Amino acid sequence: MPPLPPLPPLSLLPSFARVRGFRPAWLSPRTARTEILAGLVVALALIPEAISFSVIAGVDPGIALSTCFTMAVVISVAGGRPAMISAATGAIALVVAPISREHGLGYLIATVILGGICQVVLGALGVARLMRFVPRSVMVGFVNALAILIFFAQTTELRGVPWPVYPLLAGALVLLVGLPRLTTAIPAPLVSIVVLTAFTISAGITVPTVGDKGALPSSLPTPGLPDVPFTWDTVSLIAPYAVGFALVGLMESLMTAKFVDELTDTHSNKTRESVGQGIANIVTGFFGGMGGCAMIGQTMVNVRSGARTRLSTLLAGVFLMVLCVVFGPVVSDIPMAVLVAVMILISVATFDWHSIRPATLRRMPLGETAVMAATVAAVVATHDLAIGVVVGTLIAMVIFARRVAHLVEVSPVTDPDGGKIVYAVTGELFFASSNDLVRQFDYPNDPDHVVIDLTDAHIWDASSVAALDAVTTKYAARGKKVEIIGLNRPSAEMHGNLSGTLTANP
């Protein structure tokens, strides 16, 4: 028998193999405890939210809760943003509600699967890179609008309810605010839920509970195929909904990931997150779920509880199913007032109060404040975070284009002998700024030789080339020669390729 080959040098082994006793950070006792408790709190907060979203989507509450389980478990492995929670959401529920209402559950599930495939494709194509075009003012508006939506969503649980709900709510808020001042060993939301649930049960107080929102699932979800005909007619029917599903889900997830990045001062892989969202939705669809995306409210609960790793996301999904399947009767007795108190506190913590301070508003450019306000208004009016982000980004782009357009200057310098004139153009030439370029020259009175110096300018688009052609044509009509100098390489290439080809010859 030939001798075994020698082992490779230690320096060539993978880094984790060179570290004796290697283990992930979440296996340390202190971190693991934080992640476990945070996952449990999130699981409790997910239950009433998911049931509410099931009503919007027109599906059984058990489907929404099963969706939370599969989304959280899969995204904890496939996602790019640790500690972020993905589950059934209101935004996704709004997208799939029409297909569910008009064609039934089978078509909804097919839409979720196709939407997940679209997300994988978009993620692989690099759609996450578009996040760089979302301005900070839109991000602030997104966060503030979300805080407002979270807060007002809780008010529905406080109307037309027995009077003991209000003292219970006040007691929960006192615990949530006061307990962290004494100890942070156990998350205050978990203590509030356990203590006040035990109190209401022992005192026999009748208040709305989680069980009043709908039945909890009694078993784990099972895989299967959607009950639809596998034809092109089906694909053409669900495709528009699937594309909308993919775009809304990715936008909300990437915005949430960016927010958590800033909150935790860490970086996440947005491309992996985009693909991971698609994978999670595909898996969820094959398990009969309604689909989902990142939940910024529950993510805030998770992060504010101290979670920073994938373990809390995984356990949020696992605990959710354990609570529903094993401890369903106990969970059903949790007072809604306690969960409402948790979400109210989260909404207050989420809102960027610094952004609306008078001192901040005085220093902030008016355009930035307008973009933030427009984002908030669009989200609150439509209850759709994606629409708010699109509206805010478009307004920001228009304001930016107008601002940059006014930075172009044309300065004429006449040659001492009067034989020529040099126009020095400074700034960025594009469709907004180049419209005024043609009017900056004195065509009748300039000498026969005109030089346009673009050393301190840059040509960005065909509109700028067309404007320069128009200037040349106006001078040529008067028998005057125009010389364009100082073009940098990209500008020279664009001008050389397009000059003279953008208008028809007379």
Side-chain angles (χ1 to χ4, degrees), residues 130 132-138 361-375 390-506:
L130 296 177
R132 70 183 67 180
F133 297 107
V134 178
R136 182 185 180 279
S137 53
V138 174
L361 294 176
R362 282 195 299 269
R363 292 193 299 268
M364 191 69 64
L366 182 61
E368 299 284 322
T369 303
V371 169
M372 180 188 72
T375 303
V390 171
V391 169
T393 302
L394 290 177
I395 294 175
M397 288 181 176
V398 171
I399 292 174
F400 174 76
R402 287 176 58 85
R403 188 178 299 161
V404 174
H406 294 298
L407 296 180
V408 173
E409 296 182 359
V410 179
S411 305
V413 179
T414 305
D415 189 64
D417 61 9
K420 69 177 180 178
I421 186 171
V422 178
Y423 284 93
V425 181
T426 303
E428 307 299 320
L429 297 177
F430 64 110
F431 62 89
S433 61
S434 60
N435 287 333
D436 296 330
L437 187 66
V438 179
R439 296 193 293 270
Q440 303 296 315
F441 300 87
D442 188 3
Y443 302 101
N445 301 317
D446 282 342
D448 292 340
H449 186 193
V450 178
V451 178
I452 301 177
D453 186 358
L454 298 177
T455 301
D456 296 320
H458 186 97
I459 297 175
W460 286 103
D461 59 7
S463 298
S464 304
V465 177
L468 290 172
D469 282 354
V471 172
T472 302
T473 301
K474 286 180 178 292
Y475 277 117
R478 293 171 171 80
K480 300 177 182 181
K481 176 185 176 183
V482 175
E483 181 183 3
I484 298 176
I485 65 172
L487 291 167
N488 57 33
R489 185 174 59 82
S491 299
E493 290 179 356
M494 180 169 290
H495 186 266
N497 291 333
L498 297 180
S499 182
T501 66
L502 299 173
T503 58
N505 293 324

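Values in this document were obtained by computation on a predicted structure and should not be read as measured data.
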With Tyr443, which residues qualify under ring pair (Phe, Tyr, Trp, His ring centres under 6.0 Å), at least two apart?
Tyr475
Any non-hydrogen side-chain atom of [X] less than 4.5 Å from a side-chain atom of [Y]?
{"X": "Lys481", "Y": "Asp448", "result": "no"}
{"X": "Phe441", "Y": "Ile452", "result": "yes"}
{"X": "Pro490", "Y": "Asn488", "result": "yes"}
{"X": "Lys420", "Y": "Val451", "result": "yes"}
{"X": "Leu454", "Y": "Ile484", "result": "yes"}

For a quick test of reading the model, state the closest non-hydrogen atom pair linking [X] to [Y] and the distance between them.
{"X": "Val438", "Y": "Ala467", "result": "CG2-O, 3.9 Å"}
{"X": "Lys480", "Y": "Asp446", "result": "NZ-O, 2.6 Å"}
{"X": "Met364", "Y": "Thr369", "result": "CG-OG1, 3.6 Å"}
{"X": "Thr375", "Y": "Gly392", "result": "OG1-CA, 3.3 Å"}
{"X": "Thr393", "Y": "Val138", "result": "N-CG2, 3.6 Å"}

Please confirm whether the backbone N or O of Ile459 pairs with a side-chain atom of Ser491, one donor and one acceptor, at under 3.5 Å?
yes
Look at the side chain of Thr501 and the backbone N and O of Leu498, then say whether any donor-acceptor pair between them is shorter than 3.5 Å.
yes
Ring pair (Phe, Tyr, Trp, His ring centres under 6.0 Å): which pairs involve residues 445-470, sequence neighbours left out?
His458-Trp460
Tell me, please, which residues at least two apart from [X] pass side-chain hydrogen bond (donor to acceptor under 3.5 Å, both in side chains).
{"X": "Thr473", "result": "none"}
{"X": "Arg478", "result": "none"}
{"X": "Thr426", "result": "none"}
{"X": "Asn497", "result": "none"}

With [X], which residues qualify under side-chain contact (heavy atoms from CB on, under 4.5 Å), at least two apart?
{"X": "Ser433", "result": "Ala405, Val408, Leu429, Phe430"}
{"X": "Asn445", "result": "Asp442"}
{"X": "Ile399", "result": "Val371, Ile395, Arg403"}

Not counting sequence neighbours, which residues clear salt bridge (charged side-chain N to carboxylate O under 4.0 Å, His left out) with [X]? List them please.
{"X": "Glu409", "value": "none"}
{"X": "Arg489", "value": "Glu493"}
{"X": "Arg362", "value": "none"}

Near Ile485 CD1, under 6.0 Å, is it more than 12 heavy atoms from other residues, nucleotides or ligands?
yes
Can you tell me if Lys474 has over 12 outside heavy atoms packed within less than 6.0 Å of its NZ?
no
Do the side-chain N and O atoms of Thr472 and Asp469 include a donor-acceptor pair separated by under 3.5 angstrom?
no
